[in-house]
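Both backbone and side-chain heavy atoms feed into the values below; hydrogens, waters and symmetry mates do not.
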Amino acid sequence: DLPRSWALIATGGYARGLLCPGSDIDVVLLHPKRAKRAEIRSVAESFWYPIWDAGLKLSPAAHTTKSLLALASDDVATATSLLTVRHLAGDEAPHRAVRSGASEQWHDRPLRWLARLRDATEERWARFGEVSSLLEPDLKDGRGGLRDVDVLEWALATDLTGVVSVLDGALDDLRSSVDVLLAARCELHRFTGRPSNLL
């Protein structure tokens with residue numbers, strides 16, 4: 001149970017239903033601005049500790065709708081994680097406010113976000129190399145890995161016609177390849193017992 005005007009939402013891969021055994025469970029507790037710090041801590045810990053005690057990897061946060069959207073207004077990782085939020089518990093209104101606010105912020109400055117996605121992607125490629133050519137590729141962050149599919153979806157979410165026009169084909173054409181990479185990453189987590197993405 002959550003107090004009125006509170007909500008628990010899923011973000012990132014958890015919201016999209018794309019978790020592997022070692023993936024973090026990304027959640028945000030949304031609380032009203034008037035909530036006291038002690039109350040926020042008490043409500044949050046009632047969720048966080050049972051999950052941690054069960055041995056699951058939880059990446060939690062607690063925010064007001066306004067503070068979460070303010071963070072997402074200038075941070076590409078937060079902004080992209082909020083593009084596909086999912087309601088888990090509590091009041092639907094804060095969830096809807098985050099979902100619509102995140103979408104508006106993404107659409108209001110699409111070229112800025114595309115530039116930031118490009119920069120972050122190029123840095124990641126330089127660090128992790130090519131999935132297709134390395135003997136031990138990083139299935140998530142390497143060039144041609146799962147994160148690149150996320151980046152394509154985030155770029156398409158800007159709704160700019162120029163983004164669609166530069167694609168070689170429909171994003172759905174990549175689904176079978178994505179399924180192979182995701183299955184391999186899940187099995188890697190199961191086999192090693194660690195959240196490694198290095199095959």
Side-chain angles (χ1 to χ4, degrees), residues 7 9-20 23-28 30 59 61 63 65-66 68-88 92 94-134 137-186 197 199:
I9 62 171
T11 66
Y14 182 39
R16 298 192 304 273
L18 294 174
L19 291 187
C20 291
S23 297
D24 287 0
I25 299 170
D26 297 314
V27 294
V28 178
L30 297 171
S59 292
H63 282 278
T65 299
K66 184 177 180 180
L68 184 58
L69 290 174
L71 180 62
S73 70
D74 196 45
D75 179 69
V76 70
T78 305
T80 54
S81 76
L82 297 183
L83 290 176
T84 51
V85 294
R86 181 164 51 92
H87 180 260
L88 298 173
E92 284 271 7
H95 162 251
R96 287 194 298 267
V98 166
R99 186 179 60 201
S100 63
S103 179
E104 285 173 18
Q105 289 182 167
W106 194 252
H107 288 107
D108 284 348
R109 302 172 80 180
L111 296 179
R112 172 181 177 252
W113 290 122
L114 286 174
R116 291 199 179 184
L117 281 177
R118 180 201 60 217
D119 293 346
T121 299
E122 289 175 351
E123 287 175 18
R124 181 170 46 78
W125 287 348
R127 180 176 174 196
F128 293 101
E130 296 265 356
V131 169
S132 63
S133 60
L134 292 174
D138 187 299
L139 300 177
K140 179 182 177 184
D141 291 314
R143 183 172 187 162
L146 292 166
R147 180 59 75 209
D148 283 350
V149 180
D150 295 336
V151 170
L152 286 173
E153 290 178 345
W154 297 329
L156 288 168
T158 62
D159 292 333
L160 293 175
T161 54
V163 174
V164 178
S165 67
V166 298
L167 292 179
D168 292 334
L171 195 57
D172 284 344
D173 294 346
L174 297 175
R175 290 298 165 207
S176 61
S177 299
V178 171
D179 290 344
V180 169
L181 287 173
L182 186 60
R185 182 177 180 232
C186 286
N197 299 311
L199 185 64

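Using a distance-only test at 3.5 Å, with no hydrogens or angles considered, a donor-acceptor pair links the side chain of Gln105 to the main chain of Leu69. The closest donor-acceptor contact from the side chain of Trp106 to the backbone of Trp154 lies under 3.5 Å. A donor-acceptor pair under 3.5 Å is formed between the side chain of Ser73 and the backbone N or O of Ala70. Ser103 places no side-chain N or O within 3.5 Å of a backbone atom of Arg99 that could act as its donor or acceptor partner.
For Ser59, the side chain to side chain contact (heavy atoms under 4.5 Å, CB included) test picks out Asp24, Asp26, with sequence neighbours left out. By the side chain to side chain contact (heavy atoms under 4.5 Å, CB included) test, Arg86 pairs with Ala10, Tyr14, Ala15, Leu88, sequence neighbours left out. Arg112 meets the salt bridge (Lys or Arg N to Asp or Glu O under 4.0 Å) test with Asp74; sequence neighbours excluded. With sequence neighbours left out, Glu130 forms a side chain to side chain donor-acceptor pair (under 3.5 Å) with no residue at all. Every residue two or more places apart in sequence or in another chain that forms a side chain to side chain contact (heavy atoms under 4.5 Å, CB included) with Leu71 is listed here: His63, Thr78.
Side-chain contact check for Asp159 versus Pro110: every heavy-atom pair is 4.5 Å or farther apart. In this structure, Thr80 and Leu117 have side chains that are in contact, with non-hydrogen atoms separated by less than 4.5 Å. Using a 4.5 Å heavy-atom cutoff, the side chains of Leu82 and Thr11 are in contact.
To the nearest 0.5 Å, atom CG of residue Leu156 and atom OG1 of residue Thr158 are 7.0 Å apart. Between the CG atom in Leu30 and the NE2 atom in His87 there is a gap of 9.0 Å [rounded to 0.5 Å]. Note: Phe128 CZ to Asn197 CG = 8.5 Å, rounded to the nearest 0.5 Å. Of the inter-residue distances, the one linking Leu111 atom CG with Leu160 atom CG reads 6.0 Å to the nearest 0.5 angstrom. To the nearest 0.5 angstrom, Ile9 atom CD1 is 13.0 Å from Arg96 atom CZ.
Cys20 and Leu182 make their closest contact through SG-CD1, 3.7 Å (heavy atoms, listed as atom of the first residue, atom of the second, distance). Nearest heavy atom pair, residue Pro137 against residue Leu134, reads CD-O, 3.4 Å.
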For residues 138-147, tabulate all N or O donor-acceptor pairs below 3.5 Å that involve a side-chain atom, not counting sequence neighbours.
unit_1	atom_1	unit_2	atom_2	d
Asp138	OD1	Lys140	N	3.0
Asp138	OD1	Asp141	N	2.7
Arg147	NH1	Asp150	OD2	2.6

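Residue Arg175 qualifies as enclosed at atom CZ: its count of foreign heavy atoms under 6.0 Å is above 12.
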Item to complete: Determine, stepwise, if the pair Leu114 / Arg109 fulfils side chain to side chain contact (heavy atoms under 4.5 Å, CB included).
Response: CA-CA 9 Å; Leu114 286 174; Arg109 302 172 80 180; over 6 Å; no
